[in-house]
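Contents: one structure, followed by commentary.
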Amino acid sequence: MMSKPLQSLWDDSLANSMSEPELLKYRSNLLGSDLRITNYGGGNTSAKVQMSDPLTGDDVTVLWVKGSGGDLGSIELGGFSTLYMDRLEQLKQKYRGLEYEDEMVALLSHCTFNLNPRAASIDTPLHAYIPHTHVDHMHPDAAIAIACTKDSRALTETIFEGEMGWLPWQRPGYDLGLKLEAMAKSEPHLKGIVLEGHGIFTWGDTSKDCYLNTLTIIQRAADWLAKNNTSAPFGGEKLAQTLSADERRSVAARLMPLVRGKVSSGERKIGHFDDSAEVLQFVNSEQLGPLAALGTSCPDHFLRTKIRPLVIDFDPLAADLESELARCESQLDGQLASYREGYAAYYERCKRDTSPAMRDGNAVIYLIPGVGMLSFAKDKATARIASEFYINAINVMREASGVSEYVGLDEQEAFDIEYWLLEEAKLQRMPKPKSLAGKVAFITGGAGGIGFATASRLLQEGACVVLADIDEASLAERGAQLSEQFSADVVRTVRCDVTDEVSVGQALAVAAVEFGGVDILVSNAGIASAAPIEETSIELWDRNLDILAKGYFLVSREGFKVMKRQSLGGSVIFIASKNGLVASQNASAYCTAKAAEVQLARCVALEGAPIGVRCNVVNPDAVLRGSRIWSGKWKKERADAYNMSEEQLEEHYRQRSLLKLNVFPEDIAEAAYFLASDVSSKSTGNIINVDAGHAPSFTR
Ligand code: NAD
C-alpha cells in the first residue's frame with residue numbers, strides 16, 4: 001500500500017516565524033498534499049487559538065477548523081471557519097438528542113468569531129470537543145482498511161497497543177463530537193481514535209506534534225498491514241492480464257460512448273477511464289464480484305462513487321474479441337436497467353418521510369474485467385475524483401480482506417448519508433450548470449486562430465474540449481494555455497491529420513476515452529492558397545481538396561459514427577468560407593474545396609436529422625488577426641491580388657464590408673457557440689456568414 005514510508009516534510013526554518021493560524025494552514029497543506037494521508041477533499045484539521053476579541057479586546061479561545069468544501073492540500077486561511085470556543089461549549093445546553101442533530105448545524109453560525117463568512121462544516125463539533133489544542137481528522141487508506149474489518153476494534157487494540165481508542169460506526173455530527181470528547185477525556189493517554197468504517201482522529205499539543213503524531217499513526221497501520229497481509233490480493237488472480245494497454249484503451253473507446261449515451265438521459269455525463277495497476281488487479285481477481293457487491297464504506301468514498309459499482313459482463317480472454325465486444329454491448333441495456341432497478345429498490349427500502357426525491361439511479365463506477373474502470377458524472381473533475389475515490393476503496397478492500405473480513409457500510413446508514421437533508425441543501429445551493437456543461441467538443445485545427453478562439457468560447461460555457469491539429473508544437477502551447485485558464489481536467493490535445501482516415505479515427509477515440517464521446521464537432525482545420533487557374537498545379541489542387549473537402553468528410557463521418565452510438569444527438573459545425581458561396585480571384589482550388597464543404601454540410605444535416613444530429617456552416621471572411629493563414633504566403637498573395645501592401649489589407653477588408661467592421665476569431669467563435677448550444681436546437685442545414693456584411697455572399 002505504501003511503497004515508501006511517510007516522511008516528515010515539516011521545515012522548522014519556515015514554521016518558526018508562523019502564527020498559529022498559519023501553522024495550521026501549513027500543516028494542512030502538508031497533510032493534504034499526500035494522498036496516502038488523506039483523499040482529495042477528505043479530512044479536516046483544527047487548532048484552538050488564543051485571540052483578541054474584536055469587540056471587547058478580551059483574550060478568547062477560537063477554534064480554527066477547516067470549513068465546508070475545499071481541499072486540505074490547497075487550503076488558504078480563508079478556507080477555515082473560526083468559532084468562539086466558549087459559545088461552542090454553551091451549545092451543549094441546546095442539544096436535544098440524536099434525532100435533532102441537524103438543528104445543531106444551523107446553530108454553529110451563532111458561534112462565529114470575527115464575522116468569518118466561511119461556513120462551518122458538519123465535522124466542527126468533532127474537533128471542538130476533543131480536549132486537545134491541535135486535532136487532525138484524516139482518511140488514510142491504511143487506517144480505513146483497519147476500520148472496515150469485521151474485527152476492527154480488536155485489530156486497533158493489537159496494532160496500536162492501546163494507544164488509539166475505537167468508536168463504533170456513527171454518522172458524523174454533534175453526537176459523535178460528544179462521544180469523542182468523552183473518550184479522549186476518560187482515556188488521557190490516547191494518541192487518537194479510530195472511527196469504525198470511517199477514518200482516524202489524532203492530536204498534539206503543538207501543530208508540529210500533531211502532524212508528526214498523525215504520520216506516525218498512519219505509518220504504524222501501513223507497516224502492520226505490510227507485515228500481516230500476506231494473502232494473495234482479492235483471493236488471487238482469476239484472469240491473466242491478456243489485453244495490452246492499447247487494446248484496453250480501444251475497448252474503452254468503443255464502450256464509453258455507448259454507456260455514456262445510455263446513462264445520460266436525465267443529465268448529460270462526462271466519462272473517465274482508469275486502468276492503473278491497482279484497478280487491473282481488482283478487476284482481474286477472484287473476489288471482484290463479491291467485493292464489488294459489498295459496496296464502499298467510508299462516507300467520503302460512497303458519496304462520490306455511489307454505494308456500489310456496476311461490473312460489466314465482459315470476457316477479456318475470449319478467443320474472438322470482436323464478437324465478445326458485440327455480445328457485451330448487447331447485454332448492456334439489461335445490465336444498466338437492473339442496476340437502476342436495484343438502486344430504486346434501495347431507495348424504496350431506506351427512504352424516510354422527509355427524504356428528498358430519488359436522484360439519478362445510474363451507476364457512477366463501471367468495472368470491466370481485463371480492461372479497467374470507467375466512471376461517469378456531471379463533469380470531468382467529478383468523474384475523475386469518483387474514480388480516484390474508488391481506487392481508495394479498492395486499497396481499503398484489498399488490505400481489509402487480506403487481514404480479516406471486509407465490511408461495507410450498513411445500507412440504511414449509507415442511505416441516511418446519501419439523502420441527508422444537509423447534503424441535499426448543499427446540492428440545491430450548487431450554481432446552475434453552464435449551457436454546455438456535460439458536453440464534449442472536438443475541434444480540428446484547434447491550434448489555429450479560429451479553432452483556438454472557438455475552444456475558449458466553448459470552455460467558457462462549460463464544455464470539455466479536444467483540440468486536434470497537425471501542428472504538434474502549437475498544439476502543446478495552446479493546450480497548456482487553455483489548461484491553465486480552464487483546468488487541466490477539461491482540455492485534451494491530440495495530433496491529427498484530417499486527411500488521414502486512421503489518424504482521424506484515432507483522434508476521435510481519444511475524445512471517447514478521455515471524455516466519453518463527442519457532442520459538438522467543429523470541422524475547421526484548413527489552409528488557404530492562391531494561384532491563377534493556369535498555374536494551379538495538381539499538387540495544389542489536391543492539397544486543398546484533401547484538407548478541406550476530404551478532411552471535412554472524414555471528420556464528420558467518424559464523428560457521426562460516435563454520435564450515432566451515443567444516441568444523444570449532436571451538433572456538427574463546419575467553418576467554411578464566404579469563398580464557398582462566391583468565387584474569388586486566383587483561388588480556384590480553395591473556392592472549390594470550400595464549396596464542397598458547404599454542400600457536404602447539407603448532406604450531413606439531411607442524414608443526421610433522424611438521429612438528432614444537426615449540421616450548420618459558419619462562413620468567416622478576412623479574419624486576419626490571430627489566424628495563421630494570414631501570417632503566411634496567403635497574406636502576400638491577397639495583397640498582390642488587390643495591388644496593395646500587406647499592411648493595407650485589414651483596412652481594405654474593413655472598407656469592403658457593408659458594416660465597415662473587421663472580423664476577429666472571437667466573432668467566428670460566437671457563431672460556432674450559438675450553433676453548438678441548444679439555443680439553436682431547431683436549426684440545421686443553415687449558413688451563418690460572419691463577414692461584417694458582404695452582399696455577394698448573402699445566402700438565398
Ligand atoms: P489557422 O491557420 O490559424 O488555423 C488552421 C489550423 O489548421 C492550423 O492550426 C493548422 O495546423 C491546422 N491544419 C492544417 N492542416 C491540417 C491537417 N491536415 N490536419 C489537421 N490540422 C490541420 O487558420 P484560421 O484562420 O484559424 O482558419 C480556420 C478555418 O477557417 C479554415 O478552414 C479556413 O479556411 C477558414 N477560414 C478562415 C478565414 C480567415 O480569414 N482567417 C476566412 C474564411 C475561412
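Order of appearance sets the numbers: ligands from 1, and atoms from 1 within every ligand. Along the sequence shown, residues carry numbers from 1. A quick note: this is a predicted structure, and the numbers were derived from the prediction, not measured.
Ligand 1 has no nitrogen or oxygen under 3.5 angstrom from a nitrogen or oxygen of G626. Considering backbone and side-chain atoms alike, D621 places every N or O at 3.5 Å or more from each N or O of ligand 1. Among the atoms of R628, some N or O lies under 3.5 angstrom from an N or O of ligand 1. When only interatomic distances are considered, the shortest N/O to N/O separation between Y552 and ligand 1 falls below 3.5 Å. For a threshold of 3.5 Å applied to N or O pairs, the pair formed by V623 and ligand 1 contains at least one separation below that value. Distances between N or O atoms of A468 and those of ligand 1 include no value under 3.5 Å.
Atom 26 (O) of ligand 1 has as its closest protein heavy atom I450 N, 2.8 Å. Nearest protein neighbour of atom 43 (C) of ligand 1, counting heavy atoms only, is P620 O, 3.3 Å. Closest protein heavy atom to atom 25 (O) of ligand 1: S627 OG, 2.6 Å. Of all protein heavy atoms, the one closest to atom 18 (N) of ligand 1 is D497 OD1, 3.0 Å. The single protein non-hydrogen atom nearest to atom 5 (C) of ligand 1 is G526 O, 3.6 Å, given as residue, atom name and distance. Considering only non-hydrogen protein atoms, atom 16 (C) of ligand 1 sits nearest to I470 CG2, 3.7 Å. Here the heavy atom of the protein found nearest to atom 39 (C) of ligand 1 is W630 NE1, 3.3 Å. For atom 30 (O) of ligand 1, the nearest protein heavy atom (residue, atom name, distance) is I575 CG2, 3.4 Å.
When the options E329, E247, E324 are evaluated for a salt bridge (Lys or Arg N to Asp or Glu O under 4.0 Å) with R254, the one that passes is E329. Each of I575, D667, V618 was checked for a side-chain contact (heavy atoms from CB on, under 4.5 Å) with I450, and the lone residue meeting it is I575. For the salt bridge (Lys or Arg N to Asp or Glu O under 4.0 Å) test with D519, the passing option among R260, K269, K439 is R260; the others fail.
Those atoms of ligand 1 that come under 4.0 Å of a heavy atom in K594, given as number and element, are 31 (C), 32 (O), 33 (C), 34 (O), 35 (C). Those atoms of ligand 1 that come under 4.0 Å of a heavy atom in G445, given as number and element, are 6 (C), 7 (O), 12 (C). Per-residue contacts place N524 under 4.0 angstrom from the following atoms of ligand 1 (heavy atoms of the residue considered): 28 (C), 29 (C), 30 (O), 31 (C), 32 (O). Ligand 1 places these atoms under 4.0 Å from at least one heavy atom of A447: 9 (O). Numbered from 1 in the order shown, with element, the atoms of ligand 1 that lie under 4.0 Å from a heavy atom of D471 read 11 (O).
With hydrogens and angles ignored, the 3.5 Å screen pairs a side-chain donor or acceptor of S375 with a backbone N or O of A383.
The residue from V498, T444, T499 that puts a heavy atom closest to atom 19 (N) of ligand 1 is V498. Of the listed options A525, G448, C496, G580, A525 places a heavy atom closest to atom 13 (N) of ligand 1. With distances taken over non-hydrogen atoms, the option nearest atom 33 (C) of ligand 1 out of D469, V504, I629 is I629.
Here the shortest heavy-atom pairing between V623 and W630 reads O-CD1, 3.1 Å. Across all non-hydrogen atoms, the minimal contact from K262 to D333 is NZ-OD1, 3.0 Å. Residues V490 and F486 come closest through the heavy atom pair CG2-O, 3.5 Å.
At a heavy-atom cutoff of 4.0 Å, ligand 1 is contacted by the backbone of A576 but not by its side chain.
A donor-acceptor contact under 3.5 angstrom links the side chains of R638 and S584, judged on distance only. Between the side chains of S681 and R614, not a single donor N or O lies within less than 3.5 Å of an accepting N or O. Side-chain contact check for Q648 and S645: at least one donor-acceptor pair (N or O, by modelled atom type) lies under 3.5 Å. Under 3.5 Å, the side chains of Y552 and T444 contain no donor-acceptor pair of N or O atoms.
Under the 30°/60° scheme for interplanar angles, the aromatic rings of Y590 and W634 are found to be tilted.
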Check: residues 363-373 side-chain donor-acceptor pairs under 3.5 Å, at least two apart:
residue : atom : partner : partner atom : Å
Y366    : OH   : A363    : O            : 2.7

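Residue contacts with ligand 1: A622 is included, with a non-hydrogen atom under 4.0 Å away. The shell of residues lying under 4.0 angstrom from ligand 1, judged by heavy atoms, excludes S474. Residue Y590 places a heavy atom under 4.0 Å from ligand 1.
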Candidate pair E514 and R249, rule salt bridge (charged side-chain N to carboxylate O under 4.0 Å, His left out), full reasoning: CA-CA 10 Å; E514 295 296 329; R249 270 181 86 78; 3.2 Å; yes

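For Q655, the CD atom is densely surrounded, since the number of other residues' heavy atoms within 6.0 Å is greater than 12.
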